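Note that the structure is a prediction, hence the values are computed from the model and not measured.
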Amino acid sequence: DFSGFLCYVIGMKMIKRLNEIEDETKRIRAVLKQNPSNDELEILNAVLDVLVEETLEITQSIQANDLEMLSDMPRK
């Protein structure tokens with residue numbers, strides 16, 4: 001079924017993006033260990049805020065999709 005395949009592809013893209021966010025977060029942590037300037041800290045904090053927001057959006061989307069799939073399943 002095509003819709004199942006489409007859900008799979010979308011899910012894989014979400015997982016890939018979550019992995020990219022994790023890598024970006026690790027790079028930011030490495031920079032933070034090098035005692036960045038105040039300007040750098042502001043930029044890093046802004047980037048982290050965006051990453052946190054994106055992570056929340058992805059996880060909420062996954063949860064909503066899971067609930068929708070479960071609601072379509074026949075009850076035993």
Inset, instruction - Decide yes or no on side-chain contact (heavy atoms from CB on, under 4.5 Å) for Val31 and Glu40, but give the supporting numbers first. - result: CA-CA 9 Å; Val31 172; Glu40 290 173 318; 5.7 Å; no
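- The closest side-chain heavy-atom distance from Arg17 to Ile58 is below 4.5 Å.
- Taking CD from Glu42 and CG from Asn45, the interatomic distance works out to 8.0 Å, rounded to the nearest 0.5 Å.
- Between the CG atom in Asn38 and the CD1 atom in Ile43 there is a gap of 11.5 Å [rounded to 0.5 Å].
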Inset, instruction - With salt bridge (charged side-chain N to carboxylate O under 4.0 Å, His left out) as the test, would you mind laying out the steps for Lys13 and Glu20 before giving the verdict? - result: CA-CA 10 Å; Lys13 286 186 177 225; Glu20 291 169 351; over 6 Å; no
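- To the nearest 0.5 Å, atom CG of residue Leu41 and atom CG of residue Leu32 are 6.5 Å apart.
- When each of Leu48, Asn19, Val50, Leu51 is tested with Glu24 by the rule side chain to side chain contact (heavy atoms under 4.5 Å, CB included), just one qualifies, namely Leu51.
- One finds the CD atom of Gln60 at 11.0 Å from the OG1 atom of Thr55 (value rounded to the nearest 0.5 Å).
- Rounding to the nearest 0.5 angstrom, the gap separating the OG1 atom in Thr25 from the CZ atom in Arg29 is 6.0 Å.
- In terms of hydrophobic clustering, with Ile, Leu, Val, Met, Phe, Trp and Tyr side chains grouped at heavy-atom distances under 4.5 Å, Val9 and Ile15 are assigned to a common cluster.
- Residues Val47 and Leu18 are members of one and the same hydrophobic cluster, defined by side-chain heavy-atom contacts under 4.5 angstrom among Ile, Leu, Val, Met, Phe, Trp and Tyr.
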